[in-house]
K.L.:
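I have a structure here, written as structure tokens, and I will follow up with some questions on it.
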Amino acid sequence: SMGPLVAALCEEMKKMASGVSGEELDRAKAQLTSSLMMNLESRAVLFEDIGRQTLVYGQRIPPETLVSQIAAVTAADLTSLATALLKTPPSVAVYGDTTSVPRYDLIAKQFA
């Protein structure tokens, strides 16, 4: 059943709104940065990244810029974003078999 997964995602969003520790944030930023840089070592991924960014943004953002943007994220930024997201009704998108996904009203109630 998808119920426990949805509940866990909702709970993690609420935790983010109440604050993220410096250690958690540093670990997440290091993981994201290393993942970004390792993925771009593959020619196929690099070309896909260039194409996707060009289509979406009209230009490619250099990896160095992305790394500096990741480094600039603060715990206050995440708390502010999570708080703002929790003030609006959640958006839910499901692909594939939807029979085990909780009803929208049950998901939305977890954010209240």
K.L.:
Count I, L, V, M, F, W, Y as connected when their side-chain heavy atoms are under 4.5 Å apart, and connections chain through other members. Are M13 and M2 then in the same cluster?
P.N.:
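As far as the 4.5 Å side-chain criterion goes, M2 and M13 are connected within one cluster.
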K.L.:
Nearest 0.5 Å, please: how far is CG in L85 from NZ in K14?
P.N.:
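If I round to the nearest 0.5 Å, the distance is 14.0 Å.
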K.L.:
Would you name the heavy atoms of D77 and A72 that are closest together and state the gap between them?
P.N.:
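Closest approach of D77 to A72: OD2-O, 3.9 Å.
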K.L.:
Looking at every heavy atom in both C10 and I107, which two are closest together, and how far apart are they?
P.N.:
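Closest approach of C10 to I107, heavy atoms only: SG-O, 4.4 Å.
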K.L.:
Is S80 reaching over with its side chain to a backbone N or O of A76, donor-acceptor style, under 3.5 angstrom?
P.N.:
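The answer is no, because no donor-acceptor pair under 3.5 Å joins these two groups.
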K.L.:
So does R52 pair up with E48, basic N to acidic O under 4.0 Å?
P.N.:
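Looking at E48 together with R52, the answer is no, because their closest N to O distance does not fall below 4.0 Å.
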K.L.:
Which heavy atom of D97 sits nearest a heavy atom of T99, and at what distance?
P.N.:
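Shortest heavy-atom contact: OD1-OG1, 2.8 Å.
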K.L.:
Show the nearest heavy-atom pair for residues P90 and Y104, with the distance to one decimal.
P.N.:
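Heavy atoms of P90 and Y104 come nearest at O-OH, 2.7 Å.
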K.L.:
For residues P102 and V6, report the shortest heavy-atom separation together with the two atoms involved.
P.N.:
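Residues P102 and V6, closest heavy atoms: CD-CG2, 3.9 Å.
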K.L.:
Verify the cluster assignment for L46 and L32: are they in a single hydrophobic cluster under the rule of side-chain heavy atoms below 4.5 Å apart?
P.N.:
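Looking at the clustering, L32 is in the same group as L46.
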K.L.:
Assigning hydrophobic clusters by single linkage (Ile, Leu, Val, Met, Phe, Trp, Tyr; side-chain heavy-atom cutoff under 4.5 Å), is L9 placed with V20?
P.N.:
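They do share one cluster, since a chain of ILVMFWY contacts under 4.5 Å joins L9 to V20.
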K.L.:
Quick check for you: to the nearest 0.5 Å, what is the distance between K109 atom NZ and R103 atom CZ?
P.N.:
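One finds 8.0 Å between NZ of K109 and CZ of R103.
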K.L.:
How long is the gap from CD on Q31 to CD1 on I70, to the nearest 0.5 Å?
P.N.:
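Here the rounded value is 11.0 Å.
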K.L.:
Under 3.5 Å, side chain of E24 to main-chain N/O of S21, donor-acceptor pair present?
P.N.:
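Answer holds: yes.
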K.L.:
Return yes if some donor-acceptor pair links the side-chain N/O of S68 with the main-chain N/O of T65 below 3.5 Å, else return no.
P.N.:
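Yes; at least one donor-acceptor contact below 3.5 Å.
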K.L.:
When you look at R27 and E23, which way does the salt bridge (charged side-chain N to carboxylate O under 4.0 Å, His left out) test go after all the steps?
P.N.:
CA-CA 6 Å; R27 188 172 48 246; E23 182 181 327; 3.3 Å; yes
K.L.:
Starting from M38, can I reach V45 by hopping between I/L/V/M/F/W/Y residues whose side chains sit under 4.5 Å apart?
P.N.:
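No; tracing contacts between hydrophobic side chains, which count when under 4.5 Å, never links both residues.
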K.L.:
Quick one: are R60 and D49 in side-chain contact, heavy atoms under 4.5 Å?
P.N.:
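They are in contact (side-chain heavy atoms under 4.5 Å apart), so the answer is yes.
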K.L.:
May I ask you to test the T79-M16 pair for a side-chain heavy-atom distance under 4.5 Å?
P.N.:
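Counting from C-beta outward, T79 and M16 never come under 4.5 Å.
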K.L.:
In the single-linkage hydrophobic clustering (I, L, V, M, F, W, Y; side-chain heavy atoms under 4.5 Å), do I61 and F47 co-cluster?
P.N.:
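Result: yes, single cluster for both.
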K.L.:
Starting from the C-alpha separation in whole Å, work towards a yes-or-no answer on side-chain contact (heavy atoms from CB on, under 4.5 Å) for Q53 and L66.
P.N.:
CA-CA 12 Å; Q53 287 193 40; L66 294 173; 4.2 Å; yes
K.L.:
Considering all heavy atoms of both residues, which atom of A7 and which atom of Q110 are nearest to each other, and what is their separation?
P.N.:
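Looks like CA-OE1, 3.1 Å.
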K.L.:
Go through the steps to decide whether T74 and L78 satisfy the test side-chain contact (heavy atoms from CB on, under 4.5 Å), and finish with yes or no.
P.N.:
CA-CA 7 Å; T74 67; L78 295 178; over 6 Å; no
K.L.:
What is the distance from atom CD of E41 to atom CG of L36, rounded to the nearest 0.5 Å?
P.N.:
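So the CD of E41 and the CG of L36 are separated by 10.5 Å.
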